[in-house]
Amino acid sequence: METLYIIVPCYNEEEALKDSSKEFKNKINQLIKSKKISKDSKVLFIDDGSLDKTWSIIKDLSNKDSIYKGIKLSKNKGHQNALLAGLEYVCDKCDMCISIDADLQDDIDAIDKMVDDYYKGYEIVYGVRDSRENDGFLKRFTAQFFYKIMNVLGANTIYNHADYRLLSNKALTYLLEYKESNLFIRGVVREIGLNSSIVYYERNKRIAGKSKYSLKKMFNLAMNGVTSFSVKPLSIITLIGFIVSIFSFMIMVYTLIVKFTGHTVPGWTFITISIWLIGGIQMLFLGILGEYIGKIYNEVKNRPKYFIERTTDDEK
Ligand code: UDP
Ligand code: MG
């Protein structure tokens, strides 16, 4: 039977953990009972440098019940890094893992469907929010704006999918091949390929406590998502430079016409043409520099170029 690890990053979650830890345990026990997962399945908490009692709660839990495990990061490294720490930690311990937030905003019952999909042969199962009615206006607005902008700027994400997902051990091993230091997990998971499916669920209100994603953290996540996935912003500079350059030629024609029809003071033509021409050329060259930086950037990331999922030898 296959082993499941539920991975839960926690930052100042003392209020939420009391209830959510029980829910996670119940879910695991229920799945063990229905013989879907092995008895070695666990819940792993990652304490992301919390300032409250989160770590002592996690320690208590794991002392009382071996179903709970915990790791503690030296300081607050942010949700994505905490999640990654957990994923690396469980990589050699489980056949599948599910990452979920500590606040139970994501419907825990979707786990059953995810596990079912795993047995159907899907290596990655994305949890996708059906609606955001329980989110506040600001959260809904910023989040939805985020997904739209990200896709326009070239980051590859699934609309309304955060980090609630199941990864098979194979998908997890592939994911960990991405060695870049700014790993935008939900984008990279899509780069892996493999068989994937989607499970829809309703998003609830936080079980307790306040959101740990400040506007600043959200902004950083969005910026990281865009800049770690595409060099489109650089290409946009080139495009603008090109347009301004063309425009400057039109300005040139216009100023010459004005000059020869005699409606101008001496020197105006020269200055106007210079401003436009130099501006356009500068921007164009900046863009070209950017294109090279983009190339260097992609090389430096040293991403894996491919994964060989199976060979004909496996099919025998
Ligand atoms: N989190 C974390 N480190 C941080 C911020 C958040 O590990 O620096 C965790 C947090 O404990 C929670 C998850 O990331 O389990 C999602 O955070 P939250 O629910 O506050 O975000 P929201 O649902 O408001 O987007
Ligand atoms: Mg939340």
Side-chain angles (χ1 to χ4, degrees), residues 5-25 27 43-58 61 68-90 97-108 110-111 126-147 149-150 157-165 182-187 201-225:
Y5 265 64
I6 297 183
I7 303 177
V8 193
C10 310
Y11 177 55
N12 295 341
E13 295 285 8
E14 56 180 13
E15 288 153 307
L17 270 185
K18 280 177 193 125
D19 293 321
S20 63
S21 60
K22 279 183 215 138
E23 298 270 341
F24 294 133
K25 179 178 160 181
K27 184 49 76 189
V43 185
L44 175 77
F45 296 108
I46 301 103
D47 176 13
D48 183 18
S50 298
L51 305 168
D52 62 1
K53 295 201 204 77
T54 300
W55 181 240
S56 62
I57 294 176
I58 295 174
L61 286 169
Y68 297 112
K69 275 176 167 280
I71 54 178
K72 180 177 162 51
L73 304 189
S74 56
K75 74 189 270 280
N76 182 233
K77 290 286 187 180
H79 172 238
Q80 296 284 295
N81 288 317
L83 184 54
L84 204 60
L87 292 171
E88 271 179 37
Y89 186 78
V90 304
C97 63
I98 293 177
S99 44
I100 187 169
D101 293 349
D103 56 8
L104 289 185
Q105 273 191 287
D106 303 311
D107 180 13
I108 189 163
I111 288 184
Y126 299 100
V128 170
R129 292 154 195 170
D130 239 350
S131 75
R132 282 184 172 271
E133 270 153 34
N134 286 317
D135 274 338
F137 171 76
L138 189 67
K139 181 83 197 181
R140 203 160 58 209
F141 179 77
T142 49
Q144 257 149 22
F145 186 67
F146 167 78
Y147 289 107
I149 281 283
M150 296 266 301
T157 54
I158 290 186
Y159 193 66
N160 268 341
H161 162 68
D163 283 300
Y164 186 22
R165 78 176 77 79
N182 281 311
L183 195 62
F184 183 64
I185 302 175
R186 68 187 77 158
Y201 63 90
E202 293 261 320
R203 182 156 162 98
N204 302 318
K205 279 209 169 64
R206 226 173 198 286
I207 174 169
K210 285 203 192 71
S211 173
K212 304 300 180 292
Y213 252 100
S214 55
L215 213 54
K216 185 167 159 242
K217 278 190 167 146
M218 244 173 351
F219 182 75
N220 285 341
L221 182 72
M223 278 306 270
N224 188 17

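Just so you know, ligand 1 is whichever comes first in the structure, and atom 1 is the first atom listed for that ligand.
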query: Do the rings of Y164 and Y201 sit parallel, tilted or perpendicular, given the 30° and 60° boundaries?
result: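 Answer is perpendicular, since the angle exceeds 60°.
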Where ligand 1 meets [X] - atom numbers and elements under 4.0 angstrom, heavy-atom basis:
X	value
E13	10 (C), 11 (O), 12 (C), 15 (O)
P9	7 (O), 9 (C), 10 (C), 11 (O), 12 (C), 15 (O)
N76	3 (N), 4 (C), 8 (O)
Q105	19 (O), 22 (P), 23 (O)
K217	4 (C), 8 (O)

Protein residue, atom and distance nearest to [atom], heavy-atom basis:
atom	answer
atom 14 (O) of ligand 1	H79 CD2, 3.1 Å
atom 24 (O) of ligand 1	S211 OG, 2.6 Å
atom 5 (C) of ligand 1	K212 O, 3.6 Å
atom 22 (P) of ligand 1	K139 NZ, 3.5 Å
atom 17 (O) of ligand 1	Y213 CD1, 3.6 Å
atom 18 (P) of ligand 1	R206 NH2, 3.4 Å
atom 1 (N) of ligand 1	Y11 CB, 3.7 Å

Is any side-chain heavy atom of [X] less than 4.5 Å from a side-chain heavy atom of [Y]?
X	Y	answer
L83	I7	yes
R165	I185	yes
V43	S21	no
K217	N76	yes
F45	L17	yes

- request: Could you tell me if the ring centre of Y5 sits under 6.0 Å from that of Y89?
  value: no
- request: Compute the minimum heavy-atom distance from R203 to ligand 1 and say whether it is under 4.0 Å.
  value: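 Flag set, R203 near ligand 1.
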Check: [Y] main-chain N/O paired with [X] side-chain donor or acceptor under 3.5 Å:
X	Y	value
N12	L51	yes
D103	Q105	yes
T54	E13	yes

query: Restricting to pairs with a member in residues 45-55, which pass salt bridge (Lys or Arg N to Asp or Glu O under 4.0 Å), not counting sequence neighbours?
result: D47-K72
task: Could you say whether the N/O atoms of A82 and ligand 1 ever approach to under 3.5 Å?
output: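 Looking only at distances, the answer is no, because the N/O contact criterion of under 3.5 Å is not met.
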message: Please give me the protein atoms (N, O or S only) lying under 2.8 Å from the Mg ion (ligand 2), ordered by chain and number.
response: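 Metal shell, protein only: D103 OD2, Q105 OE1.
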task: With atom 16 (C) of ligand 1 as the reference point, say which of D101, D103, D48 has the nearest heavy atom.
output: D101
